[in-house]
Asker: 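Okay, here's the structure, questions in a sec.
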Amino acid sequence: AYTFMLRFFRQNTLRNGILIGWAVTYLAALIASWKVVPLPFPALLLFSLVSTGLLLLPYLLDRWLNQKYSSWISTLVFPMAMVVMDFLASKGGGGTWGNVAYLQFSNNYLMQLASVTGIWGISFMIYWFASMVNYLYQRMMIKQAIKIPVTIYSLSLLLVMAFGFWRVASNPVSEAPKIKMAAVTVENLSILETVHACETGEIIDIPATAHQSDSKLARAMHSMESFVAYPNDPKFSPVYEKIDNIMTKLWESSQQAVQSGAQVIVWTEGIVNTFKSDESRYIQDAKDFAHQHSIWLFFPMATIIPGEILPGQPFIENKVLSINPSGEIVNTYFKNIPVGGVEPCFPGDGTIPVIPTPGANISPVICYDADFPDLLQQVGHQATEILVVPSGDWHAISPIHSYMAVVRAIENGVSILRPVSRGLTLAADTYGRIIAEDDYFEDDQHLLLAELPVGKVTTLYSVIGDSFAYGCGAGVLLLITL
């Protein structure tokens with residue numbers, strides 16, 4: 001697509017390039033964002049209009065500088081400009097969502113470049129290919145003119161792939177010490193169904209594959225407003241029974257994990273739903289379980305502060321309690337980056353803790369946090385060996401959202417366990433190799449056991465951070481000013 005868009009912008013008038021290019025990009029963005037971006041459709045229309053308008057800037061810059069430079073240097077304009085746009089976008093509310101680098105996840109050798117440049121180097125290689133094809137097309141009849149650029153790009157790609165092969169081949173999984181961990185989740189949409197039935201008398205069946213704008217889910221969320229405002233209303237007593245039933249299933253799965261030898265158990269994001277006044281009894285159950293079985297328990301909660309829901313006002317504590325084998329809470333981590341406009345959560349303080357356990361140093365983050373490389377760079381700077389990411393997804397963003405988190409592990413030199421409700425739960429090593437996985441939609445058994453490699457790998461990315469992206473910005477400015 002990038003190859004053809006570049007050709008279109010270069011060959012057509014500026015007016016046609018902008019109008020038609022914007023229209024095509026806008027339509028493509030709407031299709032790609034449908035059921036993925038958790039926004040009402042009118043908001044999605046406006047969001048896509050603005051974002052795709054900004055995406056035209058690299059094409060316009062390429063059109064201008066392609067006329068200024070006749071050498072192969074001109075092929076660098078588009079990839080550098082696109083990397084800059086992606087990097088700037090990552091500083092906004094969407095993080096790295098939509099970055100083209102994630103689409104190459106199955107190419108494990110290429111993904112190793114993330115340990116050096118972050119995702120920016122991977123996306124650069126993709127954008128550079130589009131620019132290079134256009135350069136060659138314009139000069140296909142002049143063999144001398146294409147010899148140097150073909151050699152440069154081919155050698156660059158070969159070096160990248162050779163580096164990836166060496167990095168993976170020289171670090172076999174079997175040689176690393178390991179710790180046995182478990183990821184646990186259960187079905188919990190029935191809580192919303194019960195709330196809605198208690199509030200309206202209507203029985204609804206929210207499908208497991210529902211997206212965030214699904215009409216049934218929206219009706220159930222509307223009923224939640226009454227439940228949050230009046231949690232002690234007797235009509236909601238079936239909701240508490242449903243929550244207790246779900247907790248029973250979670251403890252049963254956790255017991256099974258213990259019997260299978262798990263030393264660390266991690267539940268999924270917000271799977272424990274409770275009000276502030278009632279959370280102490282669930283916490284006590286968690287402390288007792290950890291102490292009784294001498295395990296580490298990472299215990300995610302969605303604790304609700306009751307009252308009237310006001311626009312823009314948070315009322316949920318989306319957090320993970322780290323509980324040691326003595327039944328003590330050693331850390332409480334709040335989700336640092338709630339999804340803007342969607343999650344009314346109290347944000348954390350911006351730090352990621354390191355929890356020393358006898359088996360490994362473990363750092364917890366929550367779901368969306370892992371979409372932001374700059375936040376997760378803390379993991380690379382610390383003594384973290386395993387990243388645990390309790391998460392909650394939906395069908396339209398699975399499995400890509402889990403793969404995005406694995407790239408953070410490659411960047412920062414750690415293994416990862418990502419338990420997910422309504423998505424792909426997985427465990428992966430420092431090099432992005434999937435050790436074990438469980439697709440929520442394929443069966444009713446949502447217990448994943450995995451032996452994760454332990455050991456910190458210092459990556460160049462953890463030292464230089466986003467220097468490659470800044471270098472692209474400097475390169476663009478240099479080409480503009482020369």
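What you see is a predicted model; the values in this text were computed from it and never measured.
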Asker: Looking at OG of S415 and CG of L452, how far apart are the two atoms once the value is rounded to the nearest 0.5 Å?
Answerer: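 Interatomic distance, S415 OG to L452 CG, rounded to 0.5 Å: 5.5 Å.
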Asker: Under the criterion side-chain contact (heavy atoms from CB on, under 4.5 Å), I'd like the reasoning laid out for L60 against L14: C-alpha separation, chi angles, the key distance, then a yes or no.
Answerer: CA-CA 8 Å; L60 295 173; L14 181 61; 3.6 Å; yes
Asker: Can you tell me how far the CE atom of M125 sits from the CD atom of Q104, to the nearest 0.5 Å?
Answerer: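 Here the interatomic distance stands at 11.0 Å.
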Asker: Testing the basics here: between A220 and I204, what is the closest heavy-atom pair and its distance to 0.1 Å?
Answerer: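 Scanning both residues, the minimum pair turns out to be CB-CD1, 4.1 Å.
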Asker: For the pair K319 (side chain) and G348 (backbone), establish whether a donor and an acceptor sit closer than 3.5 Å, ignoring hydrogens and angles.
Answerer: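 Checking the backbone N and O of G348 against the side chain of K319, no donor-acceptor pair under 3.5 Å is found.
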Asker: At what distance, to the nearest 0.5 angstrom, does CG of L417 lie from CD1 of I362?
Answerer: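 Between atom CG of L417 and atom CD1 of I362 there are 9.0 Å.
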Asker: Taking all heavy atoms of K216 and all of P207, pick out the closest pair and write down the distance.
Answerer: CD-CD, 4.4 Å
Asker: Would you please name every residue forming a side chain to side chain contact (heavy atoms under 4.5 Å, CB included) with S421, sequence neighbours left out?
Answerer: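 Expected list: T185, T268, I271.
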Asker: So which pairs with a foot in residues 88-103 pass salt bridge (charged side-chain N to carboxylate O under 4.0 Å, His left out), sequence neighbours left out?
Answerer: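 For residues 88-103: K91-D374.
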Asker: Quick one: closest heavy-atom pair of G432 and V406, and the distance?
Answerer: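 Looks like CA-CG1, 3.6 Å.
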Asker: Can you list everything that forms a side-chain hydrogen bond (donor to acceptor under 3.5 Å, both in side chains) with T3? Sequence neighbours excluded, please.
Answerer: none
Asker: I'd like to check the ring-ring contact (aromatic ring centres under 6.0 Å, His included) partners of W64; sequence neighbours left out, ordered by chain and number.
Answerer: none
Asker: When you measure from the side chain of Q313 to the backbone N and O of E308, does any donor-acceptor pair fall under 3.5 Å?
Answerer: no
Asker: Decide yes or no on ring-ring contact (aromatic ring centres under 6.0 Å, His included) for Y2 and Y127, but give the supporting numbers first.
Answerer: CA-CA 7 Å; Y2 301 110; Y127 297 137; 5.1 Å; yes
Asker: Are the side chain of E269 and the backbone of G392 linked by a donor-acceptor contact shorter than 3.5 Å?
Answerer: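 Yes, the answer is positive, given that a donor and an acceptor are paired below the 3.5 Å cut-off.
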Asker: As an exercise, state the distance from CG of N16 to OG1 of T13, rounded to the nearest 0.5 Å.
Answerer: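 Taking CG in N16 and OG1 in T13, the distance rounds to 3.5 Å.
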Asker: List in chain and number order the residues that pass ring-ring contact (aromatic ring centres under 6.0 Å, His included) with H196, two or more places apart in sequence or in another chain; answer none if no residue qualifies.
Answerer: none
Asker: Sort out for me which residue in L482, L65, L479 forms a side chain to side chain contact (heavy atoms under 4.5 Å, CB included) with I73.
Answerer: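 With I73 as partner, L482, L65, L479 yield a single side chain to side chain contact (heavy atoms under 4.5 Å, CB included), made by L479.
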Asker: With a 4.5 Å heavy-atom cut-off, do V37 and W97 have their side chains touching?
Answerer: no
Asker: Side chains of L250 and W267: does their closest heavy-atom pair fall under 4.5 Å?
Answerer: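 Yes. Closest side-chain heavy atoms under 4.5 Å.
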Asker: Do M132 and P149 come close enough that some side-chain heavy atom pair is under 4.5 Å?
Answerer: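 A side-chain contact under 4.5 Å exists here.
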Asker: Looking at residues at least two apart in the chain, or sitting in another chain, which of them share a ring-ring contact (aromatic ring centres under 6.0 Å, His included) with W394?
Answerer: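 If we apply the ring-ring contact (aromatic ring centres under 6.0 Å, His included) test to W394, skipping adjacent residues, there are no hits.
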Asker: Is a side-chain donor or acceptor of N412 paired with a backbone partner of V379 at a separation under 3.5 angstrom?
Answerer: no
Asker: For T384 and N361: C-alpha separation, side-chain torsions, deciding distance, then whether side-chain contact (heavy atoms from CB on, under 4.5 Å) applies.
Answerer: CA-CA 5 Å; T384 304; N361 292 329; 5.5 Å; no
Asker: At their closest point, which heavy atom of S226 faces which heavy atom of E199, and how far apart are they?
Answerer: OG-OE1, 2.9 Å
Asker: Under the ring pair (Phe, Tyr, Trp, His ring centres under 6.0 Å) test against Y153, which residue among W128, F124, W72 passes?
Answerer: W128
Asker: Please identify each residue that fulfils ring-ring contact (aromatic ring centres under 6.0 Å, His included) with F441, with sequence neighbours left out.
Answerer: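 ring-ring contact (aromatic ring centres under 6.0 Å, His included) check on F441 returns H395.
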Asker: Under 4.5 Å between any side-chain heavy atoms of Y102 and I122, yes or no?
Answerer: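 Sidechains of I122 and Y102: no contact.
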Asker: What pairs of residues pass the side-chain hydrogen bond (donor to acceptor under 3.5 Å, both in side chains) test when at least one of them lies in residues 163-173, not counting sequence neighbours?
Answerer: Q112-R167, S115-R167, N171-Y431
Asker: For a side chain to side chain contact (heavy atoms under 4.5 Å, CB included) with S402, tell me which candidate from D393, I416, I434, T425 qualifies.
Answerer: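 Looking at D393, I416, I434, T425, the match for S402 under the side chain to side chain contact (heavy atoms under 4.5 Å, CB included) is D393.
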Asker: Tell me if a side-chain donor or acceptor on N336 pairs with a main-chain N or O of G350 at a distance below 3.5 Å.
Answerer: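 Between the backbone of G350 and the side chain of N336 there is a qualifying donor-acceptor contact (under 3.5 Å).
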Asker: Between F4 and V24, does a side-chain contact (heavy atoms from CB on, under 4.5 Å) hold up when you go through it step by step?
Answerer: CA-CA 12 Å; F4 296 116; V24 171; over 6 Å; no
Asker: Can you tell me how far CD1 of I386 sits from NZ of K456, rounded to the nearest 0.5 angstrom?
Answerer: 11.5 Å
Asker: Considering only residues two or more places apart or on different chains, which pairs with a residue in residues 15-29 satisfy salt bridge (charged side-chain N to carboxylate O under 4.0 Å, His left out)?
Answerer: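 Sorted result for residues 15-29: empty, none.
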Asker: Mark yes or no for whether T351, through its side chain, and D349, through its backbone, hold a donor-acceptor pair below 3.5 Å.
Answerer: no
Asker: For residues R7 and Q138, determine if any side-chain heavy atom of one lies less than 4.5 Å from a side-chain heavy atom of the other.
Answerer: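 Touching, per the 4.5 Å side-chain cut-off.
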Asker: E187 side chain to L189 main-chain N or O, any donor-acceptor pair under 3.5 Å?
Answerer: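 It does hold such a pair.
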Asker: Please list, chain by chain and in numerical order, all residues satisfying side-chain hydrogen bond (donor to acceptor under 3.5 Å, both in side chains) with S398, sequence neighbours excluded.
Answerer: none
Asker: About how many Å separate OH of Y135 and CG of L76, when rounded to the nearest 0.5 Å?
Answerer: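 Rounded to the nearest 0.5 Å, the CG-OH separation comes to 10.5 Å.
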Asker: With no hydrogens and no angle check, is any side-chain donor or acceptor of T200 less than 3.5 Å from a backbone partner on A197?
Answerer: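 No.
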Asker: Which pairs of donor and acceptor atoms, one on a side chain in residues 44-52, lie under 3.5 Å apart (sequence neighbours left out)?
Answerer:
from: S48; atom 1: OG; to: L44; atom 2: O; distance (Å): 3.0
from: S51; atom 1: OG; to: F47; atom 2: O; distance (Å): 3.0
from: S51; atom 1: OG; to: S48; atom 2: O; distance (Å): 3.2
from: T52; atom 1: OG1; to: W22; atom 2: NE1; distance (Å): 3.1
from: T52; atom 1: OG1; to: S48; atom 2: O; distance (Å): 2.6
from: T52; atom 1: OG1; to: L49; atom 2: O; distance (Å): 3.3

Asker: Keeping to residues at least two apart or across chains, list the side-chain hydrogen bond (donor to acceptor under 3.5 Å, both in side chains) pairs with something in residues 458-474.
Answerer: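 Output for this query lists W120-D466, Q377-Y461, Q377-D466, T459-S462, Y461-D466.
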Asker: Indicate yes or no: at least one non-hydrogen side-chain atom of D371 is less than 4.5 angstrom from one of H401.
Answerer: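 They are in side-chain contact.
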Asker: Less than 4.5 Å apart, any side-chain heavy atom of N134 and any of R10?
Answerer: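 Yes, at least one pair of side-chain atoms sits under 4.5 Å.
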Asker: Taking side chain as C-beta onward, heavy atoms only, is H446 less than 4.5 Å from V184?
Answerer: no
Asker: So which atom in N318 and which in G270 form the shortest heavy-atom distance, rounded to 0.1 Å?
Answerer: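 Closest heavy-atom pair between N318 and G270: OD1-N, 4.4 Å.
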